[in-house]
Amino acid sequence: MPLKIYNDLTRQKEEFQPINSPRVGLYVCGITPYDETHLGHARAYLTFDVIRRYLEYSGFYVNHVQNITDIDDKIIQKSRLRQGSGGQAKVKEVAEEYTRSYFEVMDRLNVKRAGDYPKATDLIPDMIKWIEGLVDKGFAYSLEDGVYFEVDKFKDYGKLSGRKKEGMEAGARVEVDINKRNPLDFVLWKKAKEGEPSWDSPWGKGRPGWHIECSVMSTKYLGEQFDIHGGGLDLLFPHHENEIAQTEALTGKVPWVKYWVHNGFVNINQQKMSKSLGNFFTLKEIYEQYDPMVVRLFLLSTHYRSPLNFSDAQLKESQAAYQKIVKTIEDLDFLIIKVPETEEVEVKETRDELADLEEKFKMAMDDDFNSAAAVGVIFETVHFINEHIKEKKIDRDSLQADKDKLLEFCGVLGLKIENRKSKIENRIEDLIAEREAARKNKDFKRADAIRKELLADGIIIEDTPYGAKWRKNA
RNA sequence: GGCGCGGUACCCAAGCGGCAAGGGAGCGGUCUGCAAAACCGCGAUGCGGCGGUUCGAAUCCGCCCCGCGCCUCCA
């Protein structure tokens with residue numbers, strides 16, 4: 001079955017065929033570093049991390065580029081608020097601080113780093129060239145406060161968002177600049193006000209508008225036409241619409257981007273989690289209570305385009321579910337050492353079953369990266385393994401095959417599964433040995449006392465026909 | 001006003017024309033010195049409502065109800 005991807009440009013699932021297969025160009029709209037990363041951001045970047053991982057798993061070579069908008073009104077504002085100054089050095093400090101924080105928190109979520117992270121401030125000369133080009137071609141005009149893109153000059157304006165210029169209530173909530181030729185015209189170059197960071201340009205000191213950055217950065221790294229451009233649903237309009245307009249206007253190459261992909265929001269009580277509403281949870285806060293991999297599982301359990309409601313109860317459920325996977329791996333590790341060598345037949349049966357599961361797993365992911373269905377297959381695999389373990393005759397190689405396959409699926413989704421045992425001290429092993437001896441002597445009082453003692457440290461003992469084993473209660 | 005998304009069991013969530021995945025919670029059982037875990041079994045004749053198309057509909061079409069998003073910086 002071919003890999004299908006939902007394309008917002010055509011509003012349907014399409015077979016994925018990269019322009020230069022097996023190479024894939026993937027551009028993701030990155031952060032504006034003026035505050036802590038919250039769960040909504042995590043969902044976005046995790047979505048594209050999963051897409052990237054699955055493409056790589058499927059044999060593609062992905063060139064993943066994600067920008068950093070390190071100059072912007074909000075950063076300037078933050079810098080002022082904090083230091084009473086909007087000077088360039090301070091603005092840079094703020095951007096760098098939150099960029100660092102972003103990487104910290106995303107690394108823990110096991111989001112792979114992109115191949116490049118271009119910063120807006122590093123490419124200002126390129127942006128100026130672009131704007132000059134647009135002015136030359138008659139797509140842009142100058143006003144007192146900046147240079148604007150004229151949407152009426154671009155025929156296809158609205159093709160991504162499906163909007164018609166007439167239908168939009170421009171100015172409904174934001175004041176219309178009466179000097180603009182069309183209220184939808186957007187700024188390419190913003191002239192600097194007193195005390196703002198600025199760069200020289202043919203239009204005087206100023207800074208680039210938001211939309212132009214992504215066009216310049218993405219084409220610089222991925223070429224004038226590339227495969228996938230992604231971001232949160234909230235970027236679809238106007239950001240991505242404007243990017244298409246300015247890029248296709250300048251290069252004349254259509255389509256600029258083959259597949260447009262947008263992830264859905266994280267909601268709280270049916271409302272979008274957002275900075276402006278102030279109803280957001282930062283990853284740092286969430287990590288205080290939940291392992292990052294629990295958060296990851298939680299995010300993976302809903303298809304990336306559907307809304308995802310955040311709640312503590314849901315996170316708790318994900319935690320229980322995650323424990324189940326971890327425990328299965330720990331059980332396998334325990335048994336692989338204890339169990340006898342292999343007989344050929346058994347391994348084959350196991351392998352056949354695992355191959356069927358792999359088929360299902362791929363089918364799920366081939367269908368527009370359906371990680372929720374793929375997680376379902378992971379639990380079917382867990383179920384299969386637990387049944388397998390129960391059998392009287394089990395052998396080393398089949399168990400190893402079980403373990404490899406489970407970890408393979410988890411790996412594709414970026415779920416790290418660690419046997420927590422490796423981290424724990426010998427003291428526990430000693431106590432367990434003592435308890436085992438006590439049980440042999442029918443000294444159950446002592447045995448129970450030891451179990452109780454370990455439980456106080458969050459260690460749970462489980463007796464099995466192969467001996468006692470233990471795990472940490474998370 | 002324009003454009004768009006969603007409503008599937010107690011909760012979450014896949015499925016999008018052919019027997020309703022999976023997780024969590026619950027209940028019953030097997031195993032166990034007692035446990036824990038695991039395993040087995042139970043759990044929607046039903047997919048917001050009403051019509052229609054079809055041999056067959058959660059799935060397609062129409063109308064309606066409810067919730068949400070975008071049109072403004074936002075992932």
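In what follows, chains are A, B, ... by sequence order, proteins preceding strands, each numbered from 1. What's counted below: heavy atoms across the whole structure, side chains too, no hydrogens, waters or symmetry copies.
A salt bridge between Arg53(A) and Asp49(A) is present, with a side-chain N of the basic residue lying under 4.0 Å from a carboxylate O of the acidic one. Remark: Arg113(A) engages Asp107(A) in a salt bridge, criterion side-chain N to carboxylate O under 4.0 Å. Taking a cutoff of 4.0 Å between a charged side-chain nitrogen and a carboxylate oxygen, Lys452(A) and Asp448(A) do not qualify as a salt bridge.
A close approach under 4.0 Å does not occur between any side-chain nitrogen or oxygen of His383(A) and OP1 or OP2 of A38(B). Dashed line: the shortest gap from a side-chain N or O of Asn370(A) to OP1 or OP2 of G15(B) is under 4.0 Å.
Across all strands, Lys324(A) comes closer than 4.0 Å only to sugar-phosphate atoms, never to a base (heavy-atom distances). At a threshold of 4.0 angstrom between heavy atoms, the contacts of Arg435(A) include nucleobase atoms, whether or not backbone atoms are also involved. If you check every strand for non-hydrogen atoms under 4.0 Å, Ser306(A) touches sugar and phosphate atoms only. In this structure, Glu380(A) reaches the sugar-phosphate backbone alone: every heavy-atom distance under 4.0 Å involves primed, P, OP1 or OP2 atoms, never a base. Gly40(A) comes within 4.0 angstrom of a nucleotide base, judged by non-hydrogen atoms across all strands. Using a 4.0 Å heavy-atom criterion, one finds that Gly158(A) contacts no nucleic acid atom at all. The residue Ile461(A) sits close to a base: some heavy atom pair falls under 4.0 Å. Residue contacts shown for Tyr45(A) are limited to sugar-phosphate atoms, with no base heavy atom under 4.0 Å away. In this structure, His239(A) reaches neither bases nor backbone, as no heavy-atom distance under 4.0 Å exists between it and the strands shown. Val28(A) comes within 4.0 angstrom of no nucleic acid atom, judged by non-hydrogen atoms across all strands. Counting any heavy atom pair closer than 4.0 Å across all strands shown, Asp463(A) reaches a base atom.
Taking atom C1' in both U45(B) and A58(B), the straight-line distance is 14 Å, to the nearest Å. Comparing the C1' positions of A57(B) and U53(B) gives a spacing of 10 Å, expressed to the nearest Å. The same atom, P, is picked in G26(B) and in G62(B); the two are 44 Å apart, to the nearest Å. Distance noted for atom P between G49(B) and C55(B): 25 Å (whole Å).
Closest to the side chain of Gln314(A), from the set C39(B), A37(B), C11(B), is C11(B). When the nucleotides C12(B), G33(B), C39(B) are ranked by their closest atom to the side chain of Arg439(A), G33(B) comes out on top. Picking from A14(B), C39(B), A75(B) the nucleotide with the shortest atom distance to the side chain of Ala372(A) gives A14(B). If you check C39(B), C70(B), G33(B) against the side chain of Phe265(A), the one that comes closest is C70(B). The Glu387(A) side chain lies nearest to C39(B) when the options are C39(B), C73(B), A14(B). Looking at the side chain of Lys390(A), the nearest of the listed nucleotides A38(B), A14(B), A36(B) is A38(B). For Thr302(A), whose side chain is taken as the heavy atoms from C-beta onward, the closest listed nucleotide among G33(B), A14(B), A75(B) is A14(B). Residue Met273(A) has its side chain nearest to A75(B) when only G23(B), A75(B), A36(B) are considered. In the set A38(B), G33(B), A75(B), the nucleotide with an atom closest to the side chain of Asp448(A) is G33(B). Considering only side-chain atoms of Arg163(A), the nucleotide from G2(B), A75(B), A14(B) that sits closest is G2(B).
In A38(B) the O4'-C1'-N dihedral to the base is more than 90° from 0, which defines an anti nucleotide.
In this structure, the side chains of Lys284(A) and Val105(A) come closer than 4.5 Å at one or more pairs of heavy atoms. For the pair Phe280(A) and Asp35(A), the minimum side-chain heavy-atom distance is below 4.5 Å.
In this structure, G46(B) forms no base pair with any nucleotide, since neither Watson-Crick nor G-U wobble geometry is met with both distances under 3.5 Å. Remark: C10(B) base-pairs with G24(B). Criterion, Watson-Crick or G-U wobble with two distances under 3.5 Å. Nucleotide C55(B) has G18(B) as its partner under the Watson-Crick or G-U criteria, with both atom distances under 3.5 Å. With a 3.5 Å ceiling on both atom-pair distances, A37(B) lacks any Watson-Crick or G-U wobble partner. Nucleotide G1(B) has C71(B) as its partner under the Watson-Crick or G-U criteria, with both atom distances under 3.5 Å.
Between His240(A) and His262(A), the ring-plane angle classifies as tilted under the 30° and 60° cut-offs. Under the 30°/60° scheme for interplanar angles, the aromatic rings of Phe226(A) and Trp256(A) are found to stand perpendicular.
Centre separation under 5.5 Å together with a plane angle under 30° holds for the ring of Phe444(A) and the six-membered base ring of G33(B), marking them as stacked.
Under the 3.5 Å distance criterion, the side-chain polar atoms of Arg207(A) are left unmatched by any main-chain donor or acceptor of Asp72(A).
For C34(B), its base sits under 3.5 Å from the side chain of Arg451(A) at one donor and acceptor pair at least. The base of G4(B) is not paired with the side chain of Arg11(A) by any donor and acceptor separated by under 3.5 Å. Side-chain N/O atoms of Arg471(A) and base N/O atoms of A36(B) include no donor-acceptor pair closer than 3.5 Å.
Annotation: of the two residues near RNA chain B, His303(A) and Ala44(A), the 5′-most nearest-nucleotide partner is His303(A). Between Val382(A) and His211(A), it is Val382(A) whose nearest contact on RNA chain B lies nearer the 5' terminus.
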